[in-house]
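For reference, the structure discussed in these notes is given below.
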Number of protein chains: 2
Amino acid sequence: MLTTAATTAAPRLPAVTASRPGQHAVAERIAETLRLLQDHVAITRRVVHTGEHVYQAGESFGSLHVIHSGFFKTVNLAPDGREQVVGLHFKGDWLGFDGIAAGQYGCDAVAMDTGEVWTVRYDALLAASTAHAPLLGLLHAAMSREITRDRDSLLSLCTLSADARVAEFLRAWADAMADRGLRNDQITLRMTRAEIGNYLGMTLETVSRALSRLSRDKLIAFPERGRRDVQIPDVRALGAYVQRSLSPNPTLQ
Amino acid sequence: MLTTAATTAAPRLPAVTASRPGQHAVAERIAETLRLLQDHVAITRRVVHTGEHVYQAGESFGSLHVIHSGFFKTVNLAPDGREQVVGLHFKGDWLGFDGIAAGQYGCDAVAMDTGEVWTVRYDALLAASTAHAPLLGLLHAAMSREITRDRDSLLSLCTLSADARVAEFLRAWADAMADRGLRNDQITLRMTRAEIGNYLGMTLETVSRALSRLSRDKLIAFPERGRRDVQIPDVRALGAYVQRSLSPNPTLQ
DNA sequence: CGCTGCATTGATATGTATCAAACCGCGTGG
DNA sequence: CCACGCGGTTTGATACATATCAATGCAGCG
């Protein structure tokens, strides 16, 4: 079913439990980011509507983008036409890091909703960050977080069953909302089942079945007639569901 | 079998074909990196032996590390004990970016071979890079490449069959060798089948079977008695194999 | 020499993909 | 206003890729 991570010895846990930053720490950091950018760099604001691109793969790189509002996906494109949703991005997230090394963007960044992005020229940002060191710190932290996030995706993808991946997906989304001070007991997926499936490495039918099962188990609910909104009565229960799926018989061993 | 990437319309290809940098461009960049570090920052060299850690998850972050020689893996750890190989790293690669944001490393970095890493204090690097802008450019490019690489892993993981993932894994490894001016017609996997499987999201038996099939199809060969060395008569043929696995019937459709 | 860890191969089980049909909500145009 | 079409979703039946379980083989090493 899935690749076991267990090795011979008992699993070694990270020395420090990986707790998320405090409730308002993230919101504070985002506010700080936007404030610093506004104060020290030339930014151009741009409203984007559903389906519009912030940038496209192949476009020559010159700017980074920070999400002021809205919800975005990044789609990685292979030369042979395969496409893969590799990231979901909310307020405060940066877009475009993958362009720095290559001199051109490697992904599409697509708005899933009406939103606003703040665009800063990369060279201007570098110039400003020599004068204001905290700016550079923010930039590096954002890139670092992006790397961590991608690796966490890799981990989920490789170690969780389809049902657990969907549960984990919802849990992570709810966490991202809570981090930003938004309500996380009800989230609006502005993605089709096919998009979710692409992101999670499964087919749209499997996503649909997983959601149905989660709903049957009362871990989520569909309040509206349409199935775009998902109610999450207890986010922690979703996490517990993921853990349970890892060790079906915790008492035995 | 696998998640289809195809959407309704014909697949849109990246505007510019994603060609790798020229043969010696990478080797040149690596040499430049090591030279700049040596000239402008205090570095501590450290020889590490197989199985030793450069750093471990949870350790407090203070330094970045550049591989001078050898071969390393990074292993992501979940609080529940799952562990996942999320990256393989060769000469010139940086280690430790994931620690910047959190203030502590999020992965284990483990030597798979005897090698040498150059360690630089992060704050010293920042200080030096204000004086020497190219240093900062190198750092950002390295982080950017890391992000791109993780996303490419995600793409392969989600869109390729097990056999194709193994072929792609070997192809990418050979490319990394060629980039560094090393021979790429024969590579020494210093990983067990279990480690390869963990990295590629499959079991060790599936890795073994895939390698046997590739060998049967003459895409690879095992020159030695042991099966750690893999001969790759034609790297391009491996890429073609991956492509073929994507479209079994290229003439139809 | 006989462990011991790793690799290979086979038989079988199972999770998820694939194929197919019906349903639903919604906008459009008669 | 309703009929219709259409994209998206759900659900079922079946196929298939890969996991799991099991046995054997192989190489290095004390």
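- Whole-Å rounding puts the Glu195(A) CD to dG7(D) P distance at 15 Å.
- Within 3.5 Å, a donor on the side chain of Glu205(A) pairs with an acceptor on the base of dC19(C), or the reverse.
- Under the 4.0 Å criterion applied to side-chain N and carboxylate O atoms, Arg165(B) and Glu168(B) are not assigned as salt-bridge partners.
- A donor-acceptor pair under 3.5 Å is formed between the side chain of Ser212(B) and the backbone N or O of Ser208(B).
- Taking only side-chain nitrogens and oxygens, Arg193(B) comes nearer than 4.0 Å to OP1 or OP2 of dT8(C).
- Taking the six-membered ring where the residue is Trp, Trp173(B) and Phe169(B) present perpendicular rings, their angle passing 60° and hence far from 30°.
- At the phosphate of dT11(D), OP1 or OP2 sits under 4.0 Å from a side-chain N or O atom of Ser212(A).
- What you find for Ala174(A) and Val235(A) is that their closest heavy atoms are CB-CG2, 4.0 Å.
- Straight-line distance from the CG atom of Leu189(B) to the P atom of dA7(C): 10 Å, rounded to whole Å.
- In this structure, the CG atom of Asp229(A) is 17 Å from the P atom of dG8(D), given to the nearest Å.
- Phosphate contact (OP1/OP2 of dT9(D), side-chain N/O of Arg228(A), threshold under 4.0 Å): present.
- Leu204(A) comes within contact range of at least one nucleobase, with a heavy-atom separation under 4.0 Å.
- One can place CZ of Arg227(B) at 8 Å from P of dA27(D), the figure rounded to the nearest angstrom.
- For the pair Arg190(B) CZ and dC6(C) C1', the interatomic distance rounds to 17 Å; values are reported in whole Å.
- Taking atom CZ of residue Arg213(B) and atom C1' of nucleotide dT8(C), one finds them 12 Å apart after rounding to whole Å.
- With distances taken from any side-chain atom of Thr192(A) to the nucleotides dG8(D), dT16(C), dT11(D), the minimum falls on dG8(D).
- Protein atom CG of Leu211(A) is 10 Å distant from nucleotide atom P of dT11(D), rounded to whole Å.
- Atom CG of Leu214(B) is separated from atom P of dT9(C) by 13 Å (rounded to the nearest Å).
- When distances run from any side-chain atom of Thr203(B) to the nucleotides dT20(D), dT10(D), dA13(D), the shortest one goes to dT20(D).
- For Arg209(B) against dT20(D), a side-chain N or O and a base N or O form a donor-acceptor pair under 3.5 Å.
- Checked by atom type, the side-chain pair Asp80(B)/Gln243(A) shows a donor-acceptor distance below 3.5 Å.
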